[in-house]
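Worksheet: one structure, shown below.
By convention here, the first residue in the shown sequence is residue 1.
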Amino acid sequence: MSTKLSIGVYAYEHTEALFDGRVAVDGVDAVFETAPLVSDIFRRAIEGHYDLAELGLTYFLRTFDLDDAPFLALPILPNRNFRHSAIFVNTASGIEEPRDLVGRTVGEFTLYGHDAGIWPKGILADEYGVTLDQCRWVIGGTNHPIPACDWIPQPVPDGVDVRHAEDGRTLGAMLESGEIDALISIDVPQAVLDGSPKVARLFPDYEAVERDYYRRTGIFPPMHIVAIRRELAQRRGLARAVYDAFTEAKELAERKYLVDAAKQHMSVVTPWFSALFEKNRRLLGDDWWPYGIGANRRAIDTFLRYHHEQGLSKHRLTCEDIFVPELLDT
């Protein structure tokens with residue numbers, strides 16, 4: 001008899017084959033669910049709606065400080081992104097380089113220490129000497145007001161000035177008006193999308209900066225993992241069956257781009273995509289979105305260090321602490 005599982009994950013192109021049935025989880029009757037906002041999947045996972053679910057790394061790691069931590073991780077990284085491009089500044093603020101952020105008021109999307117904020121804040125500290133206590137922090141929504149998140153622990157370290165934006169206010173508007181000097185956000189401010197001269201990225205040529213970061217570090221920053229409830233992680237073979245299915249679905253998506261290169265990606269609507277694909281392939285290789293611990297240990301260890309240094313974990317966690325033991329060999 002197959003195991004019945006509810007799995008919450010965003011509908012990416014590399015999970016599409018799980019939703020449409022081209023890839024199945026061996027021995028499992030899996031029901032895949034998604035949501036318009038990936039954060040809704042996170043919330044429902046924390047509330048116990050799923051057996052397995054995609055979770056932002058920080059949302060997942062914060063549960064380890066609960067009395068009864070409910071999850072372990074599978075080394076499936078469905079969302080990853082370079083994040084130098086996630087730092088925006090008011091162009092009248094005089095911020096021209098990272099060190100200029102010292103003493104400034106900086107907005108951050110959704111919560112203190114969101115996934116797309118932990119990476120750039122860690123990089124700012126490691127590479128530019130800008131630490132959290134040197135800035136004042138305002139938390140909120142970028143283009144739409146977002147109330148304070150109340151379904152996950154909200155640690156803030158001593159000595160760091162953090163407040164939530166007032167009701168009805170957005171960080172994007174505050175940045176454009178100069179009420180805050182900078183913003184770290186997964187969402188692009190509407191002012192940038194509209195071409196306003198009042199808001200720009202801290203790193204204007206962010207692609208070159210991010211490519212250089214990858215060349216030096218080998219890190220393609222992961223944002224999310226897939227979490228499994230601890231009691232299910234004890235079922236031998238279950239975690240690996242799920243891992244294998246997600247891997248197969250991801251490899252189908254990668255293979256499509258590799259095969260389509262022979263036809264100059266005529267199925268893709270983005271012009272000059274083949275040139276970008278060739279450039280990325282030279283840098284990132286044929287498996288540019290790897291799963292498994294071996295290919296991602298340095299990136300995960302770096303995030304775990306940042307999470308602890310930024311006051312979001314009581315203890316410095318390791319891969320051995322957070323991943324299902326059965327998959328430590330991946």
Can you tell me how far the [atom1] atom of [X] sits from the [atom2] atom of [Y], to the nearest 0.5 Å?
{"X": "Ser6", "Y": "Arg229", "atom1": "OG", "atom2": "CZ", "result": "9.5 Å"}
{"X": "Asp194", "Y": "Glu176", "atom1": "CG", "atom2": "CD", "result": "8.0 Å"}
{"X": "Ile139", "Y": "Thr110", "atom1": "CD1", "atom2": "OG1", "result": "9.0 Å"}
{"X": "Thr247", "Y": "Arg240", "atom1": "OG1", "atom2": "CZ", "result": "10.0 Å"}
{"X": "Leu61", "Y": "Ile322", "atom1": "CG", "atom2": "CD1", "result": "5.5 Å"}
{"X": "Arg297", "Y": "Thr302", "atom1": "CZ", "atom2": "OG1", "result": "12.0 Å"}

[Y] backbone acceptor or donor facing [X] side chain under 3.5 Å:
{"X": "Ser85", "Y": "Tyr206", "result": "no"}
{"X": "Asn90", "Y": "Leu175", "result": "yes"}
{"X": "Arg43", "Y": "Ile152", "result": "no"}
{"X": "Thr105", "Y": "Val138", "result": "no"}
{"X": "Ser196", "Y": "Ala191", "result": "no"}
{"X": "Asn143", "Y": "Gln190", "result": "yes"}
{"X": "Glu254", "Y": "Trp289", "result": "yes"}
{"X": "Gln310", "Y": "Leu132", "result": "no"}
{"X": "Arg83", "Y": "Ala116", "result": "no"}

So, are [X] and [Y] salt-bridged, with charged N and O less than 4.0 Å apart?
{"X": "Glu248", "Y": "Arg255", "value": "no"}
{"X": "Glu97", "Y": "Arg99", "value": "no"}
{"X": "Asp321", "Y": "Arg316", "value": "no"}
{"X": "Glu108", "Y": "Lys121", "value": "yes"}
{"X": "Arg104", "Y": "Asp100", "value": "no"}
{"X": "Lys250", "Y": "Glu16", "value": "no"}

What do the steps show when you test His114 against Phe109 for ring pair (Phe, Tyr, Trp, His ring centres under 6.0 Å), and what is the final call?
CA-CA 7 Å; His114 76 305; Phe109 178 75; 5.7 Å; yes
Considering all heavy atoms, the nearest Gly292-Thr330 contact:
CA-OG1, 3.5 Å
State plainly whether one hydrophobic cluster holds both Val89 and Ile186, where clusters connect Ile, Leu, Val, Met, Phe, Trp and Tyr through side-chain heavy atoms under 4.5 angstrom apart.
no
Check for me, please, whether Phe32 and Leu52 land in the same ILVMFWY cluster - side-chain distances under 4.5 Å, paths through other members count.
yes
Would you please say whether a donor-acceptor pair under 3.5 Å links the side chains of [X] and [Y]?
{"X": "Ser313", "Y": "His308", "result": "no"}
{"X": "His49", "Y": "Glu33", "result": "yes"}
{"X": "Asp115", "Y": "Thr58", "result": "no"}
{"X": "Asn79", "Y": "Tyr12", "result": "yes"}
{"X": "Asn296", "Y": "Tyr291", "result": "no"}

[X] vs [Y] aromatic rings, parallel, tilted or perpendicular, using cut-offs 30° and 60°?
{"X": "Phe42", "Y": "His224", "answer": "perpendicular"}
{"X": "Tyr128", "Y": "Phe203", "answer": "tilted"}
{"X": "Phe303", "Y": "Trp119", "answer": "tilted"}

Looking at Tyr112, does the NZ or CZ of Arg136 lie under 6.0 angstrom from its six-membered ring centre and within 45 degrees of the ring axis?
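No, cation not above the ring by the 6.0 Å, 45° rule.
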Face-on cation placement of Arg201 at Phe88 ring, 6.0 Å and 45° thresholds
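Ring-cation test returns no.
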Would you please indicate if the ring centroids of Tyr257 and Phe273 are separated by under 6.0 Å?
yes
